[in-house]
Amino acid sequence: MATFDVHMQIGQLVADRPARSRVFDHHGLDYCCGGKRTIEDACSRRGIDPDPVLAELEALDAEVVSQDDPIAGMSMTELADHIEATHHTYLRSELPRLARLVDKVTAVHGKAHPWLEEVSTVYAGLVAELEPHMMKEEQILFPMIRDIESGGGGAVHCGTIENPIRVMEHEHDNAGQALERLRTLTNGFAIPEGACNSFRAMLDGLETLEADLHSHIHKENNVLFVRAAQAAAGSTT
């Protein structure tokens, strides 16, 4: 069992044991885009005491966790395929469904809940970022990663693989900021008194989207991109 301290990076902790993401999700700590932050820094940003986080991490690690990391044995190609088939497919189905819900709820309940107008604006911006983002991964970055793994150099017109990785990580940061703003605006996706079923479905959908994007971005930032950069560096030495 690991011994935890506040100076550990939360992204690496989840990379080592994905089940730990449940602890960070419980406390609203971003382990994907903010994965390079220490426990201390992440908790400070949220205004929470790190001691309960450390205690929960220790309790979780004390459990016997079976099938802890389903992606551990995947090659980079398999992981890229998994991300496309699982997370990209989910987003292409869920983003337009949630857009319709957000528009409907904002139109009906916006006067009673003025914060919905900003939810609508932030969500639209998130969608506008994610749709071309996925295309760039599928058409540029992931093919480079597959090429590197198959023995090629992975270099295309955009130069070395560090360039598209840097762009993707920047866009992940933007998505993370949007998710954090949505969580703040909705008071942690809390259901207002008397909310109709559409209102409830919207909040549930946004919370599920947040969880999926955290997992999605974590797999890229803290696992796939790290491995790809290391492989590319090794192929040039």
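Basis for what follows: all heavy atoms, side chains included, without hydrogens, waters or symmetry-related copies.
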(request) Working to the nearest 0.5 Å, report the span between CG of D30 and CZ of R37. (result) 6.5 Å
(request) Find the distance between CD (E210) and CZ (F189) and round it off to the nearest 0.5 Å. (result) 4.0 Å
Table please: side-chain donor-acceptor pairs of residues 47-55 below 3.5 Å, with sequence neighbours left out.
unit_1	atom_1	unit_2	atom_2	d
D49	OD1	D51	N	3.0

(request) Taking all non-hydrogen atoms of both residues into account, name the closest pair between G205 and L98 and its distance. (result) O-CD1, 3.6 Å
(request) List in chain and number order the residues that pass side-chain contact (heavy atoms from CB on, under 4.5 Å) with T38, two or more places apart in sequence or in another chain; answer none if no residue qualifies. (result) E40, D41
(request) List the steps and the verdict of side chain to side chain contact (heavy atoms under 4.5 Å, CB included) for I39 and L13. (result) CA-CA 10 Å; I39 293 174; L13 287 171; 3.8 Å; yes
(message) Tell me if the aromatic rings of F24 and H214 count as close, with their centers under 6.0 Å from one another.
(response) no
(request) Go through the steps for I165 and E162 under the test side chain to side chain contact (heavy atoms under 4.5 Å, CB included), then give the verdict. (result) CA-CA 5 Å; I165 285 178; E162 285 83 0; 5.6 Å; no
(request) Heavy atoms only: give me the nearest I148-A228 pair and the separation to one decimal. (result) CD1-O, 4.4 Å
(request) Ignoring hydrogens and angles, state whether a donor on the side chain of H82 or E78 is under 3.5 Å from an acceptor on the partner side chain. (result) no
(message) For G28, is there any backbone N or O sitting under 3.5 Å from a side-chain donor or acceptor partner on R183?
(response) no
(message) Applying a strict under-4.5 Å side-chain criterion to I, L, V, M, F, W and Y, I'd like to know whether L91 and I140 cluster together.
(response) no
(request) Calculate, to the nearest 0.5 Å, the distance between atoms CE and CZ belonging to M74 and R227 respectively. (result) 10.0 Å
(request) Report whether L185 and V127 are members of the same hydrophobic cluster (ILVMFWY, side-chain heavy atoms less than 4.5 Å apart, transitive linking). (result) yes
(request) Determine, stepwise, if the pair F199 / H113 fulfils ring-ring contact (aromatic ring centres under 6.0 Å, His included). (result) CA-CA 11 Å; F199 211 142; H113 302 281; 5.4 Å; yes
(request) Can you run down the salt bridge (charged side-chain N to carboxylate O under 4.0 Å, His left out) pairs that involve residues 83-96, sequence neighbours left out, and say none if there aren't any? (result) E84-R146, R92-E138, E94-R97
(message) Can you confirm whether the side chains of D173 and Q177 place a donor and an acceptor under 3.5 Å from each other?
(response) no
(request) With sequence neighbours excluded, give me every side chain to side chain donor-acceptor pair (under 3.5 Å) pair touching residues 186-204. (result) K104-S198
(message) Using 0.5 Å steps for rounding, measure from the CD1 atom of I191 to the SG atom of C196.
(response) 10.5 Å
(request) Indicate the atoms forming the closest heavy-atom contact of A175 with I217, along with that distance. (result) CB-CD1, 4.4 Å
(message) Once ring-ring contact (aromatic ring centres under 6.0 Å, His included) is applied, do any residues pair with H26, and if so which ones, sequence neighbours excluded?
(response) none
(message) Show the nearest heavy-atom pair for residues L203 and P192, with the distance to one decimal.
(response) CD1-CD, 3.8 Å
(request) Evaluate the side-chain proximity of D81 to F142: yes if any heavy-atom separation is below 4.5 Å, no if none is. (result) no
(message) Do H218 and N222 pair up side chain to side chain, a donor and an acceptor below 3.5 Å, judged on atom types alone?
(response) yes
(request) Identify the two heavy atoms, one from L182 and one from L126, that lie closest to each other, and give their separation to 0.1 Å. (result) CD1-CD2, 4.4 Å
(message) Quick check: closest heavy atoms across I10 and Y31, and the distance to 0.1 Å?
(response) CD1-CA, 3.7 Å
(request) Would you confirm whether E56, through its side chain, and V23, through its main-chain N or O, come within 3.5 Å as a donor-acceptor pair? (result) no
(request) Answer with yes or no whether the hydrophobic clustering places V226 together with L141; edges join I, L, V, M, F, W, Y residues whose side-chain heavy atoms lie under 4.5 Å apart. (result) no
(request) Ignoring hydrogens and angles, tell me if any N or O in the side chain of S150 forms a donor-acceptor pair with the backbone of D147 under 3.5 Å. (result) yes
(message) For residues V223 and L213: do they belong to one hydrophobic cluster (side chain heavy atoms under 4.5 Å, members Ile, Leu, Val, Met, Phe, Trp, Tyr)?
(response) no
(message) I need the L116 CG to D103 CG distance, nearest 0.5 Å.
(response) 11.0 Å
(message) Once side chain to side chain donor-acceptor pair (under 3.5 Å) is applied, what residue pairs with a partner in residues 115-137 remain, sequence neighbours excluded?
(response) H88-E137, E118-R181, E129-N174, H133-E137, H133-E171, H133-H172, K136-E171
(message) Using 0.5 Å steps for rounding, measure from the NE2 atom of H87 to the CE atom of M134.
(response) 12.0 Å
(request) Tell me whether L224 is reachable from I71 by hopping between hydrophobic residues (I, L, V, M, F, W, Y) whose side-chain heavy atoms are closer than 4.5 Å. (result) yes
